[in-house]
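In what follows, a single structure is set out as structure tokens and then discussed.
For this chain, numbers begin at 1 and follow the sequence in order.
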Amino acid sequence: METLLKKSNVDISHKPAGKFEETRYEKIHNVIFSNSDVASIRVAEEIASLIKEKQAKNKPCVLGLATGSSPIRVYEELVRMHKEDGLSFANVVTFNLDEYLPMEPDSRHSYFHFMHEHLFNHVDIVAENIHIPDGRIDYDSAVAYCLAYENKIQKFGGLDFQLLGIGRTGHIGFNEPGSHYNSGTRVITLDHITRVDAASSFLGIDNVPRKAITMGIATVRSAKRIVLLGWGQNKAEIIKKTIEGEISSHVPATYLQNHNNCTFILDTSAGSQLTRNKTPWLVGPCDWTEELTAKAIVWLCSKTNKTILSLTDKDYNDNGMADLLTLQDSYDLNIKMFNRLQHTITGWPGGKPNADDTSRPERALPAKKKVIIFSPHPDDDVISMGGTFDRLVEQGHDVHIVYQTSGNIAVSDMDARKYAEISKRISPSEEAQKIIDAIKNKKESSSDAPEVRKLKGNIRRGESYAATRYMGLEDSNVHFLDLPFYETGTIKKNNLSDADIDIMMNIIKTIQPHQIYAAGDLADPHGTHKVCLDAVFEAMQRMQSEPFMKDCWLWLYRGAWHEWDINEIEMAVPMSPGQVLKKRHAIFCHQSQKDGVMFQGDDSREFWMRAEERNRDTAKRYSALGLSDYAAMEAFVRHKFN
């Protein structure tokens, strides 16, 4: 798919990010971009400029490189520059931050494999100039090996540029909490949270190594230039602690506050918790848009523990919002905000027939709508919006569930073998035995055989049909797209292609919906939810000229981890206790994802528990603001195309 992005002209050099009053809480220079793609291209441009500058002086360009999802787009752009713009890496010397221990270089989990897959195999770098910690060393020789790694860096004159990501523990490289300011390259024990975050790549936390080799804090700080990448909502809290907090070994990234040429490159979500973004009224005068006013009032209610209608002038004045009262008095502000939130609540997500829809989130007409619920995986529909799904079906709308991916990699080998053995007992076959043998003989570093992937996909399909039937939907209204980008058999997925978009466009054209629901999770720019959302956006954008698209509204829901902020919500659908229970049972239909789920994330609870807690919390937050009290609520934001 041809990219629609333009190169950024934003300056990311190390200099003040804005007026002092806006950034007075911040101790590290940072630049926030609208999205990670644009930001990554800009970082790649800086690296390319440095390479060319060194080439002109006939000197090596020594790069410290990172792995993980954050730098992938940077490496893609550098590869593009090499192939299309003639950027040469002949003078480039690289030192990677870290590697798991133990780890074979040819394992698909190794950082050796990662770097060659994403960068080195595609550019003209000299093989001898590539340095990646060796995950095969034994502990007896580790100290000598690590000292030799440090000496190699010094032999080349030190690091000219260090690229970093950041973990949720605040680690840079694998420098976990407790790492010393002057630490060098060494073996380290990985924090549990770090291992949890890596679990998806290893198909379960039990497979994640417990140790690693990492450059030390002092090694990183010695770089002449440091750029740290931070993408997504999951990184927002640690980014705030790093940029605004005190220097502490408990958050090793805070050591970067003392570096004189360090920049954090963030997307909007990762920078959302910085004071100037989360509560800008605390740092200076604001342009009080309707959206910012709503955000401030919700925050003020939480701060004062008051309902909207009980806020006073003093509450506004005492909490940095005196200038807002020069525009409207507190009574008018309170009434307006109360009505705004009240109007988001509806038990009719498809629109209420024969009702005045002036202040309702959805249109009354047509009374019976055609609806597509896009589900990235074969369970996101019931996990994220099972109550709304139920209401849409009960209220007679033509609801279609569209599963964008097969979800096959989330089925464990144990479950797949169990189903294959059951099939063999019922009806002995060579195919069933072939699957059993493929699973028994599978190596840790290998991908699933095609027949195993097919079985795992069918397990997810069977569970999906069980859930949708339980919700009262006919099988003919359930669709499986198996988008090609996902079908790699590994955690790493392909980029979206025209084939993916064509499949998306075809299902939309076939149904011609009045409503589309899609997963609006933006936590991981390379995650399946984000890629599936991009597919929805691109397909709908390309179809804007279609007549039926003028009446098609796109509603975004969130997954099991996060919810929209109250001030962002445009439709809140209440759930009765009975619907909460029905949603739970629908989630239970996805048995392969219930116990011992492979992609648990940072929360040990099962998905149904997370979903219920999130839905109950949304209802409690509405109630705390002085609105109606419900058992639970699901929330949506409407996306409007320009």
Tell me whether [X] contacts the main-chain N or O of [Y] through its side chain, where contact means a donor paired with an acceptor under 3.5 Å.
X: Q515; Y: P349; value: yes
X: T263; Y: L228; value: no
X: R614; Y: S384; value: yes
X: R363; Y: H514; value: yes
X: K235; Y: G167; value: no
X: N277; Y: G271; value: yes
X: N35; Y: D37; value: yes
X: D380; Y: H377; value: yes
X: Q404; Y: T528; value: no
X: T254; Y: S248; value: yes

How close do [X] and [Y] get, counting heavy atoms only, and between which atoms?
X: S179; Y: Y255; result: O-OH, 3.0 Å
X: V220; Y: I226; result: O-CD1, 3.4 Å
X: A367; Y: H397; result: O-CE1, 3.1 Å
X: S269; Y: A236; result: O-CB, 3.5 Å
X: K370; Y: Q512; result: CE-O, 3.3 Å
X: S40; Y: W231; result: OG-CZ2, 3.5 Å

Kindly indicate, with the supporting measurements, whether the criterion side-chain contact (heavy atoms from CB on, under 4.5 Å) is fulfilled by F264 and T242.
CA-CA 10 Å; F264 280 30; T242 300; 3.6 Å; yes
Less than 4.5 Å apart, any side-chain heavy atom of [X] and any of [Y]?
X: P513; Y: I508; value: yes
X: I217; Y: I172; value: yes
X: H590; Y: K594; value: no
X: M575; Y: N615; value: yes
X: K295; Y: W281; value: yes
X: M504; Y: F374; value: yes
X: M471; Y: V393; value: no
X: S272; Y: Q233; value: yes

Rounded distance (nearest 0.5 Å) linking atom [atom1] of [X] with atom [atom2] of [Y]:
X: Y181; Y: N258; atom1: OH; atom2: CG; answer: 4.5 Å
X: I297; Y: L625; atom1: CD1; atom2: CG; answer: 10.5 Å
X: Q257; Y: I243; atom1: CD; atom2: CD1; answer: 9.0 Å
X: C552; Y: I516; atom1: SG; atom2: CD1; answer: 3.5 Å
X: D534; Y: Q541; atom1: CG; atom2: CD; answer: 12.0 Å
X: H192; Y: D197; atom1: NE2; atom2: CG; answer: 9.5 Å

Option passing side chain to side chain contact (heavy atoms under 4.5 Å, CB included) with V298 (candidates I566, I308, T293):
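Of all the options given, the one that passes is I566.
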Any side-chain donor-acceptor pair under 3.5 Å between [X] and [Y]?
X: D315; Y: T312; value: yes
X: S302; Y: R621; value: no
X: E362; Y: W555; value: yes
X: Q579; Y: D390; value: yes
X: T275; Y: E244; value: yes
X: T344; Y: Y622; value: yes

Within the supplied structure, the quantity of interest is the number of heavy atoms (other residues, nucleotides, ligands) at a distance under 6.0 Å from [X] [atom1]; does it exceed 12?
X: H585; atom1: NE2; result: yes
X: Y331; atom1: OH; result: no
X: K241; atom1: NZ; result: no
X: E291; atom1: CD; result: yes
X: N305; atom1: CG; result: no

Please assess I41 against R73 for the test side-chain contact (heavy atoms from CB on, under 4.5 Å), listing each intermediate value before the final yes or no.
CA-CA 7 Å; I41 290 172; R73 187 67 183 88; 3.8 Å; yes
By side-chain contact (heavy atoms from CB on, under 4.5 Å) - contacts of K352 (at least two apart):
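Result, side-chain contact (heavy atoms from CB on, under 4.5 Å) vs K352: W348, A355, R360.
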Which residues share a side-chain contact (heavy atoms from CB on, under 4.5 Å) with L325, sequence neighbours left out
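For L325, the residues satisfying side-chain contact (heavy atoms from CB on, under 4.5 Å) (neighbours in sequence not counted) are D313, Y316, N317, S330, L333.
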Do D398 and K368 pass the side-chain contact (heavy atoms from CB on, under 4.5 Å) test, and can you show the C-alpha distance, the side-chain angles, and the key distance before you say yes or no?
CA-CA 7 Å; D398 182 17; K368 304 300 181 186; over 6 Å; no
Electrostatic pair [X]-[Y], nearest N-O below 4.0 angstrom:
X: K27; Y: E246; result: yes
X: E570; Y: K640; result: yes
X: R340; Y: E290; result: yes

Ring centroid separation H639 to F537 under 6.0 Å
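For H639 and F537, the ring centres are under 6.0 Å apart.
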side-chain contact (heavy atoms from CB on, under 4.5 Å) evaluation trace for Y470 with K582:
CA-CA 9 Å; Y470 177 74; K582 186 173 183 179; 3.6 Å; yes
